[in-house]
Amino acid sequence: MNPVTQLPRHPRRRGFLNDDASLETASRPIHLLRIDASPRASKSNSIALTDAFVTAYSDALPSVTVDVMNVWDEKLPEFDNAAIDAKYKGVAGSMMNEAETSVWNRIQTLVARFKRADRIVLGVPMWNFAYPYKLKQLIDLVSQRNMLFTYDGERFGPLLQTPRAMVIYTRGQEYKEDLPTPPSRFDHQSGYVEFWLDFIGVQEVRALAVENTWGDKAEASIRAAREKVAALAKDF
C-alpha cells in the first residue's frame with residue numbers, strides 16, 4: 001500500500017517560465033511564499049513536510065528567499081462588516097472611514113506578498129474532510145477584485161503570473177473509491193485549494209497528498225513522504 005498519493009498536475013498554461021531554475025534566476029533570485037495552515041507548530045505533519053520541501057528546495061537553489069506566512073500567527077483581520085464595506089468601497093473608489101482604511105491596508109499588505117512570489121508552497125492538513133478555516137479566511141481576505149483577479153461583468157481573469165505552486169496535503173486516513181471514505185464523497189480539501197490557485201494566476205499547480213498520518217501506519221507514511229517531497233523540491 002502506497003501511503004503517498006501524488007495528485008494529477010494541472011495543465012501548463014501559456015507564458016510558463018523556463019523549467020530550469022538556474023535560468024529563471026539569472027537576473028534575480030526566486031522569492032518563495034510559504035503558507036502553513038496548521039496551528040500545531042512542531043507537532044504538525046503538514047508543517048514538517050513543508051519544512052522538508054522548502055529545505056530541499058533552498059539547498060538546490062541557495063539564492064531563494066522565503067517568506068513564511070502561518071495563517072494562525074498572522075493575526076488576520078476578520079472579514080467582518082468593516083472589511084466587506086472596504087471591499088465594496090475599494091472597488092468603487094469611494095472614501096473609507098478609519099476602520100475600513102485600516103483593514104483595507106492590511107489586505108493590501110497581504111496581497112503584496114502574493115504578488116512578490118515566484119513560487120508558492122502550501123501545507124494543508126485535512127480538517128473535517130476539508131481545510132482549516134483560517135486558510136479560508138486568508139483566501140477571503142486576499143481574493144479581491146483588481147488585486148488578485150479581474151472581473152468585467154462577464155468574465156474573471158487572473159492577475160498573478162506565478163509560475164508554479166506546490167501544495168502538500170496531510171490526511172489522517174486513506175481515501176480510495178473502494179474504501180469507506182471514497183474521495184469522490186469525502187475529499188473537499190484539494191479541489192478548492194487548487195481551483196483557487198489557478199483562479200488567481202498560478203500557472204502550474206503541483207500537489208502531493210500524504211495519507212495515513214495517524215495510527216500505526218503514520219511513521220512509515222511520514223518517512224516515505226519526507227523522501228518524496230525532497231525529490232519533488234529539486235524539480236520545482
TODO: Examine distances only and state if a side-chain atom of W127 and a backbone atom of P132 form a donor-acceptor pair shorter than 3.5 Å.
DONE: no
Open item on the list: Check this for me: does any side-chain nitrogen of one of D51 and R34 sit under 4.0 Å from a carboxylate oxygen of the other?
Closed with: yes
Open item on the list: Parallel, tilted or perpendicular, judged at 30° and 60°: which one describes the rings of F156 and F149?
Closed with: tilted
Task: Distance-minimising heavy-atom pair for P77 and L141 - done: O-CD1, 3.5 Å
- [ ] Quick one: closest heavy-atom pair of I168 and L49, and the distance?
- [x] CD1-O, 3.8 Å
TODO: For the pair S102 (side chain) and E98 (backbone), establish whether a donor and an acceptor sit closer than 3.5 Å, ignoring hydrogens and angles.
DONE: no
Open item on the list: Taking N128's backbone N and O only, do any of them form a donor-acceptor pair with Q189's side chain (distance below 3.5 Å, no angle check)?
Closed with: no
Open item on the list: What's the separation between atom CG in D187 and atom OH in Y175, rounded to the nearest 0.5 Å?
Closed with: 8.0 Å
Open item on the list: Ring centroids only, cut at 6.0 angstrom: are Y133 and W72 within range, meaning strictly under it?
Closed with: yes
Task: Interatomic spacing from CE in M126 to OG in S190 - rounded to 0.5 Å - done: 7.0 Å
Task: Any S221 side-chain heavy atom under 4.5 Å of V210 side chain - done: yes
- [ ] Test V54 against V64 for side-chain contact (heavy atoms from CB on, under 4.5 Å), laying out the working first.
- [x] CA-CA 10 Å; V54 172; V64 68; over 6 Å; no
Task: Test item: R206 and L232 side chains (from C-beta on) under 4.5 Å apart, heavy atoms - done: no
Open item on the list: Can you give me the closest heavy-atom contact between S38 and N70, atom names plus distance?
Closed with: O-ND2, 3.2 Å
Open item on the list: Do R119 and F236 form a cation-pi contact, if we require the NZ or CZ to be under 6.0 Å from the six-membered ring centre and within 45 degrees of the ring's axis?
Closed with: yes
TODO: Establish, for the pair R171 and Y169, whether the NZ or CZ atom is under 6.0 angstrom from the six-membered ring centre and no further than 45 degrees off its axis.
DONE: yes
Open item on the list: Under a 3.5 Å distance rule, please check whether S94 uses its side chain to pair with a backbone N or O of G90 as donor and acceptor.
Closed with: no
Task: Pair E74 + R113: basic N to acidic O under 4.0 Å - done: yes
- [ ] Please confirm whether the backbone N or O of E174 pairs with a side-chain atom of T181, one donor and one acceptor, at under 3.5 Å?
- [x] yes
Task: Minimum heavy-atom distance between V111 and V142, given as atom pair plus value - done: CG2-O, 3.6 Å
- [ ] Kindly indicate, with the supporting measurements, whether the criterion side-chain contact (heavy atoms from CB on, under 4.5 Å) is fulfilled by L159 and T150.
- [x] CA-CA 7 Å; L159 281 177; T150 61; 3.5 Å; yes
TODO: Go through the steps to decide whether D36 and V71 satisfy the test side-chain contact (heavy atoms from CB on, under 4.5 Å), and finish with yes or no.
DONE: CA-CA 6 Å; D36 288 313; V71 296; over 6 Å; no
